[in-house]
Structure formats: structure tokens, C-alpha cells
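Note on naming: letters A, B, ... go to the chains in the order of the sequence lines (proteins, then strands), and numbering restarts at 1 for each one. From a predicted model like this one, the values you see are computed outputs, not experimental measurements.
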Amino acid sequence: MSRYNVRENEAKWQSAWADRNSFAVSADPARPKYFVLEMFPYPSGRIHMGHVRNYTIGDVIARYKRAKGFNVLHPMGWDAFGLPAENAALERKVHPGKWTYENIATMRGQLQSMGLAIDWNREIATCRPEYYRHEQKMFLDFLKAGLAYRKESWVNWDPVDNTVLANEQVVDGRGWRTGALVEKRKLSQWFLKITHFADDLLSALATLDRWPEKVRIMQENWIGKSTGLRFRFQLTAPEGISTEPEVEVFTTRPDTLFGASFVGISPNHPIALALAEKNPAVAEFIADCNRVGTSEEAIETAEKKGFDTGITAEHPFVPGWTLPVYIANFVLMEYGTGAIFGCPAHDQRDLDFARKYGLKVTPVVVPEGEDPATFDVGTEAYTGPGLLRNSQFLDGMDVEAAKQAAGERIEAMGRGQRTTIFRLRDWGVSRQRYWGCPIPVIHCPSCGLVHVPEDQLPVTLPDDVTFDQPGNPLDRHPTWKHVACPTCGTAAVRETDTFDTFIESSWYFLRFASPRVEGQAFNREEAAYWLPVDQYIGGIEHAVLHLLYARFWTRALSHVGYTDLKEPFEGLFTQGMVTHATYQDAEGKWLLPSDVDVVDGKSVQREGGGPVTVGPIIKMSKSKKNVVDPAHIIDTYGADAARLFMLSDSPPDRDLEWTEAGIDGAWRFINRLWRLVTEPSVTLPPAGTSIPAELSPLATDARRMVHKTVAAIGEDLERFRFNKAVARIRELSNALEKLDGKAGADAGDAAVLREGLEVLVRLIGPMMPHLAEELWSVLGHDTLLVDSVWPVADEALATEDTATVAVQVNGKLRATLHLPKDIAKEEAEALALAEPNVQRALEGKPVRKVIVVPNRVINVVV
RNA sequence: GCCCGCUUGGCGGAAUUGGUAGACGCAAGGGACUUAAAAUCCCUCGCCCUCACGGGCGUGCCGGUUCGAUCCCGGCAGCGGGCACCA
């Protein structure tokens with residue numbers, strides 16, 4: 001019994017593909033194209049299991065589509081700018097560029113060891129000036145077209161490090177490195193007008209029918225279109241306080257206006273800021289609110305707090321009815337007008353707030369079946385449908401009619417108008433960091449903002465930077481930032497902020513169409529051929545930001561004339577995470593899975609046998625040390641086993657638990673396939689031998705299985721049901737093993753076995769390409785499997801002529817019958833009723849009704 | 001807090017999306033081969049009653065629609081993910 005030599009074979013076939021440039025492609029309008037793209041990796045150092053899963057899935061699709069005759073573009077690149085490189089610079093005193101390029105070299109080797117069908121000639125790295133120069137040009141074009149602008153915006157500020165923090169660097173309101181309380185600060189930053197396309201980004205979601213429903217819903221919610229009413233309250237300030245005469249609020253519930261009990265303004269509302277200048281208590285309250293953090297989660301989960309300004313607002317419909325004006329920590333300056341009116345009975349946040357400050361709670365919408373006289377909301381706001389009460393001219397209307405009536409009245413009064421607003425905010429793209437794409441503008445004391453002239457692009461990063469001081473190295477660089485103004489020649493400074501790294505990933509798919517073209521971001525014709533991406537594959541964590549930004553960027557590029565592309569990604573698949581159990585020693589220190597052994601069913605430390613606590617199965621992460629290094633796995637079991645494991649058992653959109661037993665199982669199956677093909681018990685007839693007309697029953701069954709499997713696996717792969725495809729491969733190999741065990745006497749059996757093995761090998765090609773290639777050659781082919789076509793199922797051979805029909809009495813299974821396909825209903829009914837077990841279940845009771853579902857079920861109702 | 005998802009044997013999962021629940025695999029138990037082990041092969045394997053034939057129960061929980069519900073509807077619980085400077 002032989003064993004498959006993984007190392008030798010995987011290396012052999014990888015060189016064979018590389019030598020023949022098997023996966024290099026070029027645009028060919030005569031052939032149908034298929035663009036498979038996995039989200040490109042951040043070069044963090046080594047590949048992790050998430051990458052293995054992502055790229056295995058993409059590779060199966062790429063190889064399958066290739067075998068189906070498509071001209072398949074399957075490229076790879078590196079999302080190479082980003083924060084981790086700067087952290088590495090800080091911690092290990094290594095230049096971010098050097099660190100990044102070394103990581104790329106390592107990870108390229110690791111990905112290549114997976115045997116991916118990738119056109120490596122198209123590899124790109126976004127940190128190279130040849131790449132990012134084009135996005136500098138795009139940005140300037142957006143600027144000219146009015147799609148980019150500058151405004152003040154809030155950031156998380158670490159007062160010790162003097163640096164801006166990402167949300168993830170803020171832990172419990174403190175800087176992750178310094179532990180200092182984080183402040184909100186205002187900085188002048190660059191924004192891209194994604195809101196210009198808000199409506200289109202929303203409505204076009206309906207055209208993305210090959211996207212997961214949940215991703216579309218997430219984007220829909222993110223864009224958050226809502227229709228409502230924008231109107232002004234008149235303000236009265238008490239003695240000694242001056243304020244604006246009016247405040248404009250936005251509401252989606254104008255119907256509840258008669259239930260209003262306060263007006264809330266954002267802590268960063270101009271009125272609040274003006275008050276703060278005169279009143280230290282207001283300033284203190286605002287500072288307090290600003291310590292909460294910038295994320296919506298932080299703001300919404302924080303305790304509702306308000307500051308009574310003493311100012312009052314007059315109700316628009318009831319002269320003399322005044323509402324207190326609070327500065328409220330849950331009112332967002334970025335949304336609507338930064339001011340609201342609170343109707344506690346019908347909004348949970350308003351209710352929490354009102355209960356805390358003892359404000360009146362008046363229900364004005366009463367659900368059907370409730371008595372308006374006694375209806376009360378308690379601690380839970382009522383947000384459902386109902387009829388208006390306590391609301392003067394709105395009384396008796398339903399919610400929708402009341403919204404309209406209130407809106408019309410406000411408009412007639414000239415105090416406001418009905419509008420549509422979006423939750424979506426413009427995209428802030430300025431980052432106060434070094435390792436990113438420089439923003440190509442210059443600040444001139446006399447000319448103001450000046451674009452870097454196109455012939456001076458790219459603006460490249462200086463190499464001589466240090467990370468020994470806090471803040472952005474570009475900002476304190478002795479020479480780089482100082483330039484002569486391109487317009488007037490006086491001393492000016494460069495913009496020292498760099499772009500958000502989501503920009504690079506917003507157009508890399510276009511660059512892949514013509515990755516080496518100079519002077520333009522991409523060749524228009526080649527992009528028109530390859531784009532859109534037919535199948536995009538990546539993690540669900542990118543459901544909103546990356547995917548929305550890429551959709552926006554594509555529209556913006558179309559807007560300024562780069563392309564006619566509407567949507568970048570026609571099909572999207574989001575895969576689940578790779579998880580693993582966690583381990584801790586007696587002191588609570590995390591342990592690597594490779595440091596843990598199982599002895600007599602108990603987990604112990606490999607070194608010394610110390611006790612191990614087995615923790616929950618969670619996403620592999622460095623911090624919890626529950627990681628398994630793919631390089632080690634590939635080294636031990638081979639790429640095919642790792643790939644097979646990734647595809648087996650768990651559906652690809654769900655989480656996958658990595659286990660030692662699982663990879664062992666994959667390895668065993670690979671050897672089983674190896675033996676099945678290399679050591680048949682009979683001499684196989686030569687390839688292409690025709691199948692005799694007369695076959696043994698076993699061979700007939702096996703042959704039907706072969707053709708059924710071909711049809712089913714094609715369907716499974718199209719629908720991303722890799723786990724089912726693997727199960728079918730196993731079933732087919734079980735059937736062929738059985739045939740082989742019996743074969744020998746009959747030439748028909750051997751011919752069917754040869755046909756089956758040939759099909760089997762072609763079917764495993766996308767999943768286990770090295771093994772498949774080797775077995776293809778063992779079967780006597782001198783061509784490469786990657787160059788052969790996908791098998792075609794013979795429908796006539798794949799269909800059964802009998803059906804297994806369940807016979808139920810009152811819905812309970814009492815017998816199964818093997819009936820000829822499409823037998824007459826009456827006949828089937830008679831046979832079913834004749835079954836002894838059915839008769840016993842009937843107990844002589846009269847049959848009321850018989851339901852016959854052809855080829856499926858017969859249900860006798862008594 | 002808001003939004004989204006998930007829940008089926010000891011475990012991962014399957015069930016042609018309203019028609020035989022548990023395909024395929026993992027683990028476990030028993031057996032064969034072997035001096036022995038590994039590898040490999042064969043058998044059993046949702047729970048309960050029964051020597052068996054067979055029967056009862058069973059898809060997180062409660063209820064509904066239906067001849068028939070893992071699937072559809074209403075309610076509840078648990079777990080997980082996202083929330084604008086991580087990518």
C-alpha cells in the first residue's frame with residue numbers, strides 16, 4: 001500500500017503550471033470572461049487560516065470556470081498601506097516600507113505554496129508610487145468636479161501621544177497605548193462627497209441580485225434614507241443669556257408634535273458652543289459628552305444626559321406652549337440638523353431622557369384596542385401604528401395621515417419643509433499618519449489651496465522618517481513638507497495628512513485589468529472587457545465600508561469620465577471565520593494549540609504536562625493565541641489537504657472550526673483517492689475505451705452515480721455549496737471503491753471504473769489541484785489537467801427509473817415503496833393501501849382522503 | 001442602544017426550500033489483519049420501549065397555519081457579528 005508523496009508532487013505541479021504560465025491571461029473579446037477576485041490581503045507578515053479559506057474558495061471558482069471554458073482573470077495584490085506597519089516601526093524600529101515589502105515577499109511564497117491558479121504577472125502593491133500616483137490624480141479630478149472638499153471634523157485625540165486614534169485604539173474611553181482619557185477634537189480634514197450618490201447607492205442595491213441579502217440590508221441601513229420634516233422653533237432666552245432666535249430641528253415623526261416635551265440640541269451644536277463660551281458649567285458638560293467617543297455605539301449606550309439651558313422653544317402649533325431646550329448627549333451633530341424635539345411617549349431615547357429629568361410624557365398615538373383615556377407607556381415607548389389623540393387638528397388620523405397633515409401645516413406656516421435625509425455621511429479620508437498615500441495638495445499662504453500639478457505627480461513619501469516622537473512624521477519632517485507654491489513660487493507647505501487606506505481598495509479591481517499600464521490608472525478597453533468582477537469573495541466584516549466605498553469610487557470615476565462601469569462587483573460571497581478552541585495555563589496565560597496535547601482525553605501542556613483550561617471556540621486571533629499556522633499545515637499535510645479541509649463540512653458562509661482531527665481526515669481521504677486511482681485491483685482499459693452496452697447491475701449503478709455526481713457537483717459549485725460537493729466526491733469514491741472491489745471478471749466493470757476514475761479526477765481538480773494533476777498523469781494523460789475541460793453529465797444515464805415513495809398515514813411514515821417513475825396516481829394509491837403495515841395503521845378506519853405527490857409521498861388521511 | 005445573522009445526534013453538517021429528518025464526515029464502541037503498534041478493512045451508532053416484527057418521542061422553547069412544518073406565521077430564549085480612523 002503506497003502513500004501519496006505530497007511534497008514532491010505539489011512542488012512538481014506548481015512548477016509545471018509556472019513554467020507553462022498556465023494562469024496568465026489577456027483580454028480576448030472573442031471569449032467569455034470571468035473575473036474572480038478575493039479581497040486582497042493586508043501584508044501583516046504571514047498568511048493566516050482566514051486567507052487560506054478565502055483563497056481556496058476563490059481558487060475553486062477560478063479553476064472551475066476555467067474548465068468550463070471561461071477566460072478567467074484571477075489576480076493577486078497587496079493592500080499595503082496601513083496602521084500595522086507604523087506600529088511595527090514603533091515597536092521594532094523597522095521602517096514601515098521595509099517591513100511591508102518583507103512581509104509581501106514572505107506571504108507571496110506562502111500563497112504560492114497553496115497552488116493557487118493566479119496570474120502572478122498582474123501582482124500589485126498599493127504602497128508603490130506606480131499604484132498610488134493614479135489615486136492622487138483621481139483625487140484631483142474629484143476635487144475639480146466638486147466631489148472632494150475640506151471641513152472641520154471630530155477625531156479621537158490622545159493628549160499624551162498627541163495623536164489621532166482609530167476607534168479600535170480607544171478602549172473604554174482611553175488611549176490603548178497611553179491609557180490617557182481620549183478627547184474629541186476638531187481638525188480640518190478632507191472629505192469625499194459620497195452623499196452625492198446616496199440615492200443611487202441605495203436604489204442600485206436592488207440590481208445586485210447576486211449579493212447576499214444581509215449585506216444589502218446592512219448597506220441600506222447604513223445609507224439610512226428617511227423622509228421627514230425640517231422646521232424651526234422660536235427661542236426665548238432668559239435674562240442675561242443671548243442666543244439665536246430660532247433652532248432648526250429634523251424629525252421623522254411630525255405626527256407626534258403634540259406629544260413634544262423638550263427640544264434637544266447636540267453638545268456640538270452652535271447654540272451649545274455659544275453658551276459654553278459664557279458659562280463654564282455648559283463647557284464642562286460639553287467636554288464631558290465629548291469624552292464618550294465618536295462611535296455611534298458609544299453614544300447610544302451611554303447614559304442619557306442633558307443640560308437644561310434655560311432657553312425655551314415655542315411650540316409651532318400652540319402659541320404660548322413652551323418647551324425647555326436641553327443640550328442632550330444622544331443628539332448627533334452629524335445627523336439631520338443636530339437638533340430634535342423630544343416626544344417621550346413614542347421614542348425610547350426621549351423616554352429615558354424624560355424619565356430622568358422629570359419631563360411630561362403625553363401619549364399622542366394610541367394603538368387600536370387601547371382606551372385613549374387610560375393608555376400609558378410606562379418604561380417602553382410605543383412606536384407602533386395607531387390613531388392620534390390629544391393632538392388638536394390631528395386627532396383621529398392614523399400615523400401616516402398625521403405626518404402628512406402636520407408637515408403641510410408647517411409648510412403653510414412657512415416654518416419648514418418636508419425633506420429626505422440620509423444617515424450616510426461624507427467620507428472623511430484624511431489620516432494623520434505616515435504610511436499612506438500622500439494627499440496631493442499644497443497650502444500656500446498667498447494662493448490658499450493649490451493642487452499639485454499633474455506633471456509633478458506622484459507625490460511620494462520620504463524614506464528618512466523616524467517614529468521616536470509622537471505625531472505624524474510627515475508633519476515634522478525637516479524638508480519634505482516645505483515646497484515652493486506651484487502657482488506663485490512663494491514658500492508653501494504640503495498637506496501632511498495621507499489618505500484613508502480604504503481608498504486603495506476602492507479601485508484596485510480596475511488596476512488588475514491592466515496592472516502595468518503607465519500614464520493612466522487602467523486601460524479603458526481592457527477594463528471594459530474584464531469588469532465588473534463576476535465573483536468577489538471576502539469576509540462579512542467588509543459588508544458596509546469597503547464595499548460601499550468601492551461602489552462610490554466607481555461612480556465617482558464614472559462621473560469624472562474614467563469608465564462607464566456602474567457597479568464594481570456583480571456577485572459577492574461572504575465567507576465565515578475560521579475558529580479554534582482557546583487554551584490557558586494555570587496562570588491564565590494563553591497557549592498556542594501546538595503547545596497543547598491531549599492525553600487520556602485530557603488537555604495538558606506538551607512541555608511539562610501542566611494543566612490546561614480549554615476555553616470557547618472563537619475566531620483565530622493572535623491575542624488569544626488560538627492560531628494554527630497554515631504554512632506549518634501545508635508543510636505537514638500539503639496544500640491539497642488544507643484546501644480540502646477548508647471546503648469540507650462547514651458551508652462556506654458559516655464559521656469553520658479548525659481541528660486536528662479534521663485535517664487528519666482530509667489527509668486520509670487524499671490517500672484514499674490516491675490508492676483508488678493508482679492501485680485498482682483490475683487492469684484498466686485504455687482511456688477512451690467505449691462502455692459495453694450490457695453492464696452488471698453494480699456497474700450500472702456506479703455509472704448512474706458517476707453521471708449524477710457530475711450534474712450535482714456542477715450545481716453545488718455554482719451555488720457555493722462546497723461542503724456538499726465534497727460529500728458527493730466521497731460518495732462517488734465509495735461507489736467506485738465498491739465497484740473496484742468486485743470488478744475483475746467483467747470487461748464492462750473495468751470500463752465503467754475507468755470512466756468513473758477519469759471523471760472523479762476531473763471533479764477534484766478545482767479542490768485538490770496537485771493530487772488531481774498527478775492522478776490525471778497516472779491515468780495515462782500527457783496533457784495537463786488544468787487544460788482539460790469539465791466533464792459533462794449524460795442526463796439519460798443520470799436519471800433513475802424508479803422512485804422511492806414514502807407512505808404515510810396521517811402524516812406518519814408507515815412504509816416505503818419503490819415505484820416506477822411517474823406511475824399513475826391511482827395505481828400508486830392502490831399499492832400503498834395494499835401495504836400490510838399501512839393496513840395495520842388504518843385499523844379498519846375509513847379512508848377520508850389520499851394525497852399523492854408523484855415520486856415523493858402518499859399520505860393516507862383517516 | 002440600534003441593525004443583522006445563527007440555533008438539527010456526542011461533534012461538523014445534509015434534507016431537491018412544504019413531502020421518508022440525520023446524506024457525507026468526525027468522534028466513540030466492537031471485530032479483522034499484525035509478534036506488537038501505526039496504517040488499512042468490516043460492523044454498530046438520535047433518544048426511549050421491544051429478543052425481534054414493530055412502536056413512541058425528536059430539528060433551541062411556546063403557540064398557530066397545513067393532509068403533512070427543520071422549512072411558512074406570531075411570541076420567547078440563547079449565542080454571534082457590525083455600528084463610520086483596524087483592514
Using the P atom in both, what is the distance from B/rU8 to B/rC61, to the nearest Å? 10 Å

Taking the basic N atoms (NZ, or NE/NH1/NH2) and the acidic carboxylate oxygens, is any pair closer than 4.0 Å for A/D701 and A/R704? yes

Whole-Å P distance, B/rU40 and B/rC26: 10 Å

Pairwise 5' ranking along RNA chain B for A/D655 and A/L813, keeping only the more 5' one: A/D655

Kindly say if A/N723 contacts the phosphate of B/rA23, meaning a side-chain N or O under 4.0 Å from OP1 or OP2. no

At under 4.0 Å between heavy atoms, what does A/H546 touch on the DNA or RNA strands: base, sugar-phosphate, or nothing? nothing

If the P atom of B/rG29 is compared with that of B/rC6, how far apart are they to the nearest Å? 36 Å

Provide the distance between the two C1' atoms, one in B/rG82 and one in B/rG46, to the nearest whole Å. 36 Å

Let's see if you can work this out: which of B/rC85, B/rA14, B/rC24 has an atom nearest to the side-chain heavy atoms of A/P651? B/rA14

Contact under 4.0 Å: A/R425 side-chain N or O vs B/rA84 OP1/OP2: no

Under a 3.5 Å limit on both distances, the Watson-Crick or wobble mate of B/rU44 is B/rA28

Syn or anti for B/rG9, with syn set at within 90° of 0? syn

Taking 4.0 angstrom as the limit, do A/E715 and A/R719 come out as a salt bridge? yes

Could you let me know what B/rA14 is paired to, Watson-Crick or G-U wobble, both distances under 3.5 Å, or none if it's on its own? none

Would you tell me if any nitrogen or oxygen in the side chain of A/R814 comes within less than 4.0 Å of OP1 or OP2 on B/rG55? yes

Among the nucleotides B/rC86, B/rC85, B/rA21, whichever has the atom closest to the side chain of A/Q808 is B/rA21

Between A/K724 and B/rA15, is there a contact of a side-chain N or O with OP1 or OP2 at under 4.0 Å? yes

Which class fits the ring pair A/H546 and A/Y508: parallel under 30°, tilted 30 to 60°, perpendicular over 60°? tilted

I'd like to know whether the aromatic ring centres of A/W667 and A/F645 sit less than 6.0 Å apart in this structure. no

Quick one: look up who B/rG5 pairs with, Watson-Crick or G-U, both distances under 3.5 Å, and put none if it's unpaired. B/rC79

Pairwise P distance for B/rC42 and B/rC79, with rounding to whole Å: 43 Å

Which part of the nucleic acid, if any, lies within reach of A/L656 when heavy atoms closer than 4.0 Å are counted: base, sugar-phosphate only, or nothing? nothing

So A/Q189, base contact, sugar-phosphate only, or nothing? Heavy-atom distance under 4.0 Å. base

Validation row: A/S505, A/Y42 side chains within 4.5 angstrom (heavy atoms): no

Does a nitrogen or oxygen in the side chain of A/K214 sit under 4.0 Å from OP1 or OP2 of B/rC3? no

B/rC67 -> Watson-Crick or G-U wobble partner, both distances under 3.5 Å, gives B/rG19

Identity of whatever pairs with B/rU34 - Watson-Crick or G-U, under 3.5 angstrom: none

Does A/R668 reach a base, just sugar-phosphate, or nothing at all? Heavy atoms under 4.0 Å. sugar-phosphate

Side-chain-base donor-acceptor pair under 3.5 Å for A/R433 and B/rC85: yes

Reading RNA chain B from 5' onward, which residue's closest nucleotide shows up sooner: A/V726 or A/S650? A/S650

Ring centres of A/F499 and A/Y132 under 6.0 Å apart? no

For A/Q432, answer base if it contacts any base atom (sugar-phosphate contacts may also be present), sugar-phosphate if it contacts only those atoms, and nothing otherwise; contact means non-hydrogen atoms under 4.0 Å. base

Can you classify the ring geometry of A/F722 versus A/F720 as parallel (below 30°), tilted (30 to 60°) or perpendicular (above 60°)? perpendicular

A/Q219 CD to B/rC83 P, in whole Å, measures 14 Å

Over all strands shown, is A/S430 touching base, sugar-phosphate only, or nothing at heavy-atom distances under 4.0 angstrom? base

Is there a side-chain contact between A/R654 and the phosphate of B/rG13, meaning an N or O under 4.0 Å from OP1 or OP2? yes

Can you list, in residue-number order, the parts of residues 854-862 of chain A that come under 4.0 Å of RNA chain B, counting heavy atoms only? A/R856, A/V857, A/N859, A/V861

Rounded to whole angstrom, note down the C1' distance from B/rG56 over to B/rG60. 22 Å

Integer angstrom distance from the C1' of B/rC73 to that of B/rU65: 7 Å

B/rC4, syn or anti by chi within 90 degrees of zero: anti

If we take the C1' atom in both B/rA39 and B/rC45, what is their distance in whole Å? 24 Å

Would you check if the side chain of A/D655 reaches a backbone N or O of A/K619 as a donor-acceptor pair within less than 3.5 Å? no

Think A/T501 has a side-chain N or O under 4.0 angstrom from the OP1 or OP2 of B/rA87? yes

Tell me whether the guanidinium CZ or amine NZ of A/K151 lies under 6.0 angstrom from the six-membered ring centre of A/F191 and within 45° of its axis. yes

Under 3.5 Å on both distances, the Watson-Crick or G-U partner of B/rG58: none

Looking at A/D347 and A/R253, is there a salt bridge between them, counting it only when a charged N and a carboxylate O are closer than 4.0 Å? no

Select base, sugar-phosphate, or nothing to describe what A/N837 touches, counting heavy atoms under 4.0 Å on all strands. sugar-phosphate

